[in-house]
Amino acid sequence: MARDGYVVPVDPQQAAVTAKKKARSSRSWMLLDATGQSTVLDVDKYAIMHRVQIHARDLRILDPLLSYPSTILGREKAIVLNLEHIKAIITSDEVLLRDPWDEHVIPVVEELQRRLPSENAVRPDHSEGRENPGGHNDEAGEEDESPFEFRALEVALEAICSFLAARTTELETAAYPALDDLTSKISSRNLDRVRKLKSAMTRLTARVQKVRDELEQLLDDDDDMADLYLSRKLVSASPVSVSGAANWFAASPTIGSKISRASRASIITVRGDENDVEELEMLLEAYFMQIDSTLNKLTTLREYIDDTEDYINIQLDNHRNQLIQLELFLSSGTVSLSIYSLITAIFGMNIPYTWNDNHGYMFKWVVIFSGIFTAVLFILIMSYSRYKGLVGS
């Protein structure tokens, strides 16, 4: 595959200086080959499209200025990978990473440089024409090796799962103490703190859910998983026979050193078994379980927040009922006292009554009976309110 565009070798000592001078241009891509060597490409989108042979709509998914959800797409000669901050194009012999100077992408680059070189590239004893006395060990080492595209995909999945798990752990560390503080003391400060944490949890849950749904969709469709076998499709497109394919794998220093166990699966493909996706399925299942565990942690946190909200609502309802009880108590007392005041006011007016002559004791009895009537009336009102459940027992 021809390499177009302006290629700049990466110098580890000048990486930081280069990062500052380039100002993180949107045209910057980092290329990593099967040996783990990295170069920086400063090319436009048309050169990238021509290099990996994908359409503009696929490249648009990797645009950092556009908001696209997490996606893993299998194309004829490439895998388009958009997982949060990891935006990459994986072919059968190289990886193209966008925005390589991002602080979250730099660890991914370092991990790719460490894990991309195959066993055959590391061990010269596996080269053609040299007999190794430990042939059985070579066979075992080859069985443990994976195709280049799977190693790159595994690094990306591991990085994004670890990143989301770390964000979830940070959120749990901040959320549980905040919820406990809110439970012990309901205040505006604690409520605002929990509100911000809940918003962050909702956003993080949506991100984790999208990655999980993407992996689940791949696991449910064998055809989509088969599209990710780039090395297998490369062998299927080769006009050689089965025996010739085996010799071609052994003779090719590029392909033969990076395909390993999947290269055998590629030869099986030539024989007609194109639906064998067991290796990729096991790889995706491992990270699906990891991202599902992260989602379960967020779900548990959401349930804890909901339980805390229910507890706070119960407390607020209890305080509200106490205020209603106090208001009803005061209202009942006011009504009773107003009746008492009305009766005493009527009999205390300075108006000459004929029946009031020589009956001064009547005023005292009226006042006494009015007080008794007021007390009985207050007790009846409170008893009726308690019967209707307006006040607590």
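Residues satisfying the ring-ring contact (aromatic ring centres under 6.0 Å, His included) criterion with Phe288, sequence neighbours excluded, are absent altogether.
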Residues Asp227, Glu76; criterion side-chain contact (heavy atoms from CB on, under 4.5 Å); working and verdict: CA-CA 7 Å; Asp227 288 338; Glu76 183 63 27; over 6 Å; no
Worked check of side-chain contact (heavy atoms from CB on, under 4.5 Å) between Asp44 and Ile48: CA-CA 7 Å; Asp44 57 13; Ile48 296 295; over 6 Å; no
Trace of the salt bridge (Lys or Arg N to Asp or Glu O under 4.0 Å) decision for Arg193 with Asp181: CA-CA 10 Å; Arg193 182 183 175 189; Asp181 293 341; 3.4 Å; yes
Worked check of side-chain contact (heavy atoms from CB on, under 4.5 Å) between Thr173 and Thr169: CA-CA 6 Å; Thr173 304; Thr169 303; 4.2 Å; yes
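Heavy-atom contacts from other residues, nucleotides or ligands closer than 6.0 Å to OH of Tyr46 number 12 or fewer. Annotation for Glu309: atom CD counts as buried by contact number, over 12 foreign heavy atoms lying within 6.0 Å.
In plain terms, the two heavy atoms of Ala47 and Val43 that are nearest each other are CB-CB, 3.8 Å. Contact record, Ser38 with Leu32: CB-CG, 4.0 Å, taken as the closest heavy-atom pair. Of all heavy-atom pairs between Phe148 and Ala34, the closest is CE1-CA, 3.5 Å. For Met225 against Leu218, the heavy-atom pair with the smallest separation is CG-O, 3.2 Å.
Side-chain atoms of Asn321 come within 3.5 Å of backbone N or O of Asp317 as a donor-acceptor pair. For the pair Asn82 (side chain) and Pro69 (backbone), a donor-acceptor distance under 3.5 Å is present. For the pair Glu94 (side chain) and Leu31 (backbone), a donor-acceptor distance under 3.5 Å is absent. Between the side chain of Glu214 and the backbone N or O of Thr71, no donor-acceptor pair lies under 3.5 Å. No donor-acceptor pair closer than 3.5 Å links the side chain of Ser162 to the backbone N or O of Ala159. Asp292 places no side-chain N or O within 3.5 Å of a backbone atom of Arg212 that could act as its donor or acceptor partner.
Counting heavy atoms from C-beta on, the side chains of Val95 and Leu116 come closer than 4.5 Å. Within the 4.5 Å cutoff, side-chain heavy atoms of Leu280 are placed close to those of Leu283. Side-chain contact between Phe163 and Arg207: present, with at least one pair of heavy atoms (C-beta onward) separated by less than 4.5 Å. Residues Thr183 and Asn190 have side chains not in contact (no heavy-atom distance under 4.5 Å, counting atoms from C-beta outward). Side-chain contact between Leu228 and Val277 is absent, with no heavy-atom pair separated by less than 4.5 Å. The shortest side-chain heavy-atom distance between Lys87 and Val105 does not fall under the 4.5 Å cut-off. No side-chain heavy atom of Thr35 sits less than 4.5 Å from a side-chain heavy atom of Pro117. The shortest side-chain heavy-atom distance between Leu59 and Ile89 falls under the 4.5 Å cut-off.
Between Lys210 and Glu84 there is no salt bridge, since no side-chain nitrogen of the basic residue lies less than 4.0 Å from a carboxylate oxygen of the acidic one. Between Arg151 and Glu154 there is no salt bridge, since no side-chain nitrogen of the basic residue lies less than 4.0 Å from a carboxylate oxygen of the acidic one.
By the 6.0 Å and 45° rule, Arg302 does not stack over the aromatic ring of Tyr304.
Side-chain contact, Glu149 with Thr91: no donor N or O sits under 3.5 Å from an acceptor N or O. Side-chain contact check for Asp221 and Gln217: no donor-acceptor pair (N or O, by modelled atom type) lies under 3.5 Å.
Follow the hydrophobic side-chain contacts under 4.5 Å out from Leu66 and you reach Val80 in the same cluster. Hydrophobic clustering of Ile, Leu, Val, Met, Phe, Trp and Tyr side chains at less than 4.5 Å, counting indirect connections, unites Met289 with Phe150. Ile106 and Leu157 fall into different hydrophobic clusters, where Ile, Leu, Val, Met, Phe, Trp and Tyr side chains are chained together by heavy-atom contacts under 4.5 Å. No single ILVMFWY cluster, assembled from side-chain heavy atoms under 4.5 Å apart, contains both Leu301 and Tyr311. Cluster membership for Val194 and Leu316, using ILVMFWY side-chain heavy atoms within less than 4.5 angstrom, is shared.
Separation of atoms CG (Leu83) and OG (Ser70) is listed at 5.5 Å; rounding is to 0.5 Å.
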